[in-house]
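Inspection log for the structure reproduced underneath, given as structure tokens.
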Number of protein chains: 2
Amino acid sequence: MVELDRCDINCIHDEAVQAVRQALFGEDVAASLAELFKALGDPTRVKILFSLMTRELCVCDLTAVIGVSDSAVSHQLRVLRTLRLVKFRREGKILYYSLADDHIERLFAQGLEHVTEPKSEMNEE
Amino acid sequence: MVELDRCDINCIHDEAVQAVRQALFGEDVAASLAELFKALGDPTRVKILFSLMTRELCVCDLTAVIGVSDSAVSHQLRVLRTLRLVKFRREGKILYYSLADDHIERLFAQGLEHVTEPKSEMNEE
DNA sequence: CGCACATATGAACAGATGTTCATATATACC
DNA sequence: GGTATATATGAACATCTGTTCATATGTGCG
């Protein structure tokens, strides 16, 4: 029940705005969602996650597969860990990383569907 | 069939690396995926897209709902348009934006599932 | 045509992001 | 304990990103 401070521009469709406002999730949810997607929005992290879809891998393997420094991988793994996208288990000095759950696989599947979709015709200006 | 230039580090699990390498999609796909998710990785764009899930809206409505300048909305709409996430139709001087397809709805649904999931227990160090 | 409105665009700027390099931690083995 | 390996972390830095402000485009109307 937010008192909507009516904008002074006049092209606004009031009921539409009110309806959408009520349906709209809060700042925090929007921020969380954005944070999640942002984490998926980097080529290195995408490759890490996709690699882990095949099987669990150690940091060393990841650097070999993806072709970036171990430091870079490590930094990115931290991002993914913080967002609970990956988990790991230790075996001696080696850490084996794997996907935290199957949300990522489904997100990737959806994403790939959009990306590889036959772009009917650009709707760009 | 990429000839894998074996990394000089020795903790690598060779067959694992080779297997994953073969399964891994190309640079271009990884880049496209990352680009898509990056587009979803901003609070303003998240709110725009979520608003459009309810119904089509003009730019003015969006500024009112989300509470940012029309210029900012416009800039973000361009990003979303470029990635074919939204489309629009003109009616006089007003442009009505709407979601380009239903991939976004499904991506959001998946994303929300992850975000709102009861975080069993942090797996952070 | 000229003006008003709805939206788009470009430049500028502050803040965020990803990598590198150097260094630290943790574990195994001698 | 000391050394080697696997990984993590912090600082530094160049690049990218999102907003704002000023200005441009496009449409309707008188």
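Sequence lines set the chain letters: A, B, ... in the order given, protein chains first and strands last, and positions in each chain run from 1.
- B/Val59 and B/Val73 make their closest contact through CG1-CG1, 4.0 Å (heavy atoms, listed as atom of the first residue, atom of the second, distance).
- A side-chain contact (heavy atoms from CB on, under 4.5 Å) with B/Leu99 is found for exactly one of B/Leu80, B/Leu85, B/Leu49, namely B/Leu49.
- The separation between B/Arg45 atom CZ and D/dT19 atom P is 8 Å, rounded to whole Å.
- Rounded to whole Å, atom C1' of C/dT27 lies 7 Å from atom CZ of A/Arg90.
- Residue A/Arg78 places none of its side-chain N or O atoms closer than 4.0 Å to OP1 or OP2 of D/dA8.
- As rounded to whole Å, 15 Å separates atom P of C/dT27 from atom OH of A/Tyr96.
- Judged by distance alone with a 3.5 Å cut-off, no donor-acceptor contact links the side chain of B/Ser71 to the base of D/dT19.
- Checking the phosphate oxygens (OP1, OP2) of C/dT17, a side-chain nitrogen or oxygen of A/Lys38 falls inside 4.0 Å.
- Of the two residues near DNA chain C, A/Val68 and A/Glu91, the one whose nearest nucleotide lies more 5' is A/Val68.
- Here the nucleotide nearest the side chain of B/Gln76, chosen from D/dC21, D/dT19, D/dT7, is D/dT19.
- Within the structure, a side-chain polar atom (N or O) of A/Thr44 is placed less than 4.0 Å from OP1 or OP2 of C/dT19.
- Taking atom CG of residue A/Leu95 and atom C1' of nucleotide C/dA26, one finds them 9 Å apart after rounding to whole Å.
- For B/His75 and D/dT19, the ring-to-base geometry does not satisfy the stacking test (centroid distance below 5.5 Å, interplanar angle below 30°).
- Of the options B/Leu107, B/Thr116, B/Leu112, a side-chain contact (heavy atoms from CB on, under 4.5 Å) to A/Leu33 is made by B/Leu112 and by none of the others.
- Rounded to whole Å, the distance from CD1 on A/Ile66 to C1' on C/dT19 is 14 Å.
- The side chain of B/Ser69 contributes an N or O atom lying less than 4.0 Å from OP1 or OP2 of D/dT20.
- Heavy-atom nearest nucleotides on DNA chain C were determined for A/Gly92 and for A/Val79, and the one closer to the 5' end corresponds to A/Val79.
- A distance below 6.0 Å separates the ring centres of B/His13 and A/Tyr96.
- Across the protein-nucleic acid pair, B/Arg81 atom CZ and C/dT9 atom P stand 6 Å apart, rounded to whole Å.
- B/Tyr97 comes within contact range of the sugar-phosphate backbone alone, with a heavy-atom separation under 4.0 Å but no base atom that close.
- The aromatic rings of B/Phe50 and A/Phe25 sit tilted relative to each other, their planes meeting at an angle between 30° and 60°.
- For B/Phe88 and D/dT25, the CZ to P distance is 17 Å, given to the nearest whole Å.
- With the nearest nucleotide of DNA chain D identified for both A/Val73 and A/Lys93, A/Lys93 has the one nearer the 5' end.
- The nearest whole Å value for the distance from the CG atom in B/Asp42 to the P atom in D/dG18 is 5 Å.
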